[in-house]
Chemist: 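Got a structure here, written out as structure tokens. Questions coming.
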There are 2 protein chains.
Amino acid sequence: MDHGQDLKSTIKRIAVEQFNRNGYHGTTIRTIAKEAECSLPMVYYYFSSKKDLFHEIIRKDYFHILDREAQKLKTTNILDFYTDFIVNVMNLDEHDRMVYRLGVKVYLSFDGDEDLLAVMEAWEASIVPRHYQLILPHLKDASNPKARVRTLMHLLENLIERVVVKNQTLVEQEIREELSIVLGL
Amino acid sequence: MDHGQDLKSTIKRIAVEQFNRNGYHGTTIRTIAKEAECSLPMVYYYFSSKKDLFHEIIRKDYFHILDREAQKLKTTNILDFYTDFIVNVMNLDEHDRMVYRLGVKVYLSFDGDEDLLAVMEAWEASIVPRHYQLILPHLKDASNPKARVRTLMHLLENLIERVVVKNQTLVEQEIREELSIVLGL
DNA sequence: GTATATATCTAACGTACGTTAGGTTACAAA
DNA sequence: TTTGTAACCTAACGTACGTTAGATATATAC
């Protein structure tokens, strides 16, 4: 009971860093243990396998971030809503951005397995109709509203990727301009 | 001299498939050799190392596809120009799409090393001003033309990713709609 | 017919991997 | 004071990795 859960979260924190830097196959239990300053079997004391460690990061931490960020937002103005979303993601601390990046990597099937991908695609399938419901009412007088929603989702995906994957810093005003163009506001 | 360069390109073809499916670290010389139906050292006969094999795929084949696709396009109409670009990428054969996907993976720093990434960023830095030169003259009467170019590049990046990374089939008319919204045409 | 070069192989090197067996502390409960 | 258990360790297992040494076959050149 020296450290207890302390060490578990240290291990996970280091694992996130290494999975990010070197990918799943490029990361080894040994280097995780070394950087976490514990012995190798301690990783197995807290996680049943390497795969389990990776899965816990995605299934728990990644989706926790998604849920948390979704609940932060107020639906007053549609343009503010999506601008805030991107800005909030940009303001995540470094660790959460790394978890997010790992999630995107799995989403693009660049890492992880079919199980994790299936979870993500189910999540996406549940969220897409919500975007339509949310946006369409605001687009009554714009042309081709469905294509605008589609374009918006594509743009958002790219902006998220720039922020969490390529670590770019975007300017709020520029984000707002781009969303505004797509929404036709 | 049984097969000669034949085997070299077979090895590279198989390598592209496996690097795509399992990533750089998840791919082994042994499984490449097995699937190429040759012995393990034959891979080293044609490529000096695993890293060299990966580098040749990106530096030669990926950039060859980029150049080829760029030269295919006619600059008559700006909307056709970018629509054709996406449609052409969608119509690449499976192997070329896999090479493209590998390139995107490197571009997102999900695989490869700093050397390869530097080459890509140099390429991107050279291409971005060309987009501005190409598009801006067509946007004289649209509002906020610079933001439109930026948005267009973000949208294009996402569409490319959907096609080559997520293997989605997009409908030409829908692509055109999205580009048209962003360009304000 | 011998020499040369290309294309292929079997076998092994040293290293590192994921994982586990089995032991040692330290502290709390009985 | 013994017992139990949570938190940690060293050491090793079997496997697989990237890479290389060294031999063989085949075909062309002289």
Side-chain angles (χ1 to χ4, degrees), chain A residues 1-60 102 105-106 110-116, chain B residues 1-60 102 105-106 110-116:
Chain A
M1 292 181 194
D2 248 336
H3 304 89
Q5 291 300 93
D6 234 31
L7 180 56
K8 176 170 184 178
S9 61
T10 298
I11 288 172
K12 196 151 77 170
R13 199 189 69 238
I14 302 291
V16 166
E17 290 173 21
Q18 298 203 8
F19 281 140
N20 243 291
R21 204 171 335 126
N22 308 115
Y24 180 82
H25 287 104
T27 296
T28 76
I29 307 287
R30 276 171 179 81
T31 56
I32 292 172
K34 190 167 209 169
E35 212 175 326
E37 290 178 312
C38 68
S39 71
L40 187 157
M42 283 312 292
V43 179
Y44 286 92
Y45 185 74
Y46 288 112
F47 302 93
S48 68
S49 67
K50 184 183 179 182
K51 184 176 164 179
D52 177 59
L53 173 53
F54 189 82
H55 273 238
E56 179 164 326
I57 291 168
I58 299 297
R59 286 185 199 265
K60 262 176 75 173
L102 267 188
K105 198 169 177 183
V106 172
F110 282 145
D111 232 335
D113 48 34
E114 297 95 0
D115 284 358
L116 286 182
Chain B
M1 290 178 197
D2 248 332
H3 305 89
Q5 292 298 91
D6 233 31
L7 179 56
K8 177 172 182 177
S9 61
T10 298
I11 288 172
K12 196 151 78 169
R13 200 189 69 238
I14 301 291
V16 166
E17 290 173 21
Q18 298 202 8
F19 281 140
N20 243 288
R21 204 171 335 125
N22 307 115
Y24 180 82
H25 287 104
T27 296
T28 76
I29 308 285
R30 278 170 179 82
T31 56
I32 292 172
K34 191 166 210 171
E35 213 176 326
E37 291 178 311
C38 68
S39 72
L40 187 156
M42 282 313 292
V43 179
Y44 285 93
Y45 185 73
Y46 288 112
F47 301 94
S48 70
S49 68
K50 184 183 179 183
K51 184 176 163 178
D52 176 60
L53 173 52
F54 189 82
H55 273 239
E56 179 164 325
I57 291 167
I58 299 297
R59 286 186 198 266
K60 260 176 77 173
L102 267 188
K105 199 170 178 182
V106 172
F110 282 144
D111 234 334
D113 49 33
E114 298 93 3
D115 284 359
L116 288 182

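The analysis underlying the following values was restricted to heavy atoms, covering all of them including side chains, and did not include hydrogens, waters or symmetry mates. Lettering of chains follows the sequences in order, A, B, ..., and the numbering in each one begins at 1. Just so it is clear, the structure is predicted and the values come from calculations on it, not from any experiment.
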Chemist: Would you say A:Tyr24's side chain and A:Lys51's backbone share a donor-acceptor pair under 3.5 angstrom?
Modeler: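 At least one qualifying donor-acceptor pair exists.
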
Chemist: Does B:Tyr46 place a side-chain N or O at less than 4.0 Å from the phosphate oxygens OP1/OP2 of C:dT8?
Modeler: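 So the side chain of B:Tyr46 is within the cut-off, an N or O lying under 4.0 Å from OP1 or OP2 of C:dT8.
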
Chemist: Report yes or no: do B:Asp113 and B:His55 form a side-chain donor-acceptor pair below 3.5 Å?
Modeler: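 B:Asp113 vs B:His55: donor-acceptor pair found between side chains.
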
Chemist: Heavy atoms within less than 4.0 Å of DNA chain D: which residues of residues 12-22 of chain A have one? Give them sorted by number.
Modeler: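 Residues of residues 12-22 of chain A that come under 4.0 Å of DNA chain D do not exist, since none gets that close.
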
Chemist: Quickly work out the B:Glu37 CD to C:dC9 P distance and round it to whole Å.
Modeler: 11 Å

Chemist: Run through A:Ile57, A:Ile32, A:Ile11 and flag the one making a side-chain contact (heavy atoms from CB on, under 4.5 Å) with A:Val16.
Modeler: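 The side-chain contact (heavy atoms from CB on, under 4.5 Å) with A:Val16 is passed solely by A:Ile57 among A:Ile57, A:Ile32, A:Ile11.
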
Chemist: What are the two closest heavy atoms between B:Ala33 and B:Val43, and how far apart are they?
Modeler: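 Smallest interatomic distance, heavy atoms only, reads CB-CG2, 4.1 Å.
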
Chemist: Report the distance from atom OH of A:Tyr45 to atom P of D:dA6, rounded to the nearest whole Å.
Modeler: 6 Å

Chemist: Which letters describe nucleotides 17-23 of chain D, given B = protein heavy atom under 4.0 Å from base, S = only from sugar-phosphate, - = neither?
Modeler: BBBBB--

Chemist: Measure across B:His25 and A:Asn22 and return the closest heavy-atom pair with its distance rounded to 0.1 Å.
Modeler: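 Looking at all heavy atoms of both residues, the closest pair is ND1-O, 3.9 Å.
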
Chemist: Could you tell me which residues satisfy side-chain hydrogen bond (donor to acceptor under 3.5 Å, both in side chains) with A:Lys12, sequence neighbours excluded, listed by chain and number?
Modeler: A:Glu56, A:Asp61

Chemist: Short question: side chain of A:Thr27, backbone of A:Gln18 - any donor-acceptor pair under 3.5 Å?
Modeler: yes

Chemist: Give the minimum heavy-atom separation between A:Ala36 and A:Leu7, together with the two atoms involved.
Modeler: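 Scanning both residues completely, I find the closest heavy atoms to be O-CD1, 4.2 Å.
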
Chemist: Figure out the CE/P separation between B:Met42 and D:dA25, and round it to whole Å.
Modeler: 16 Å

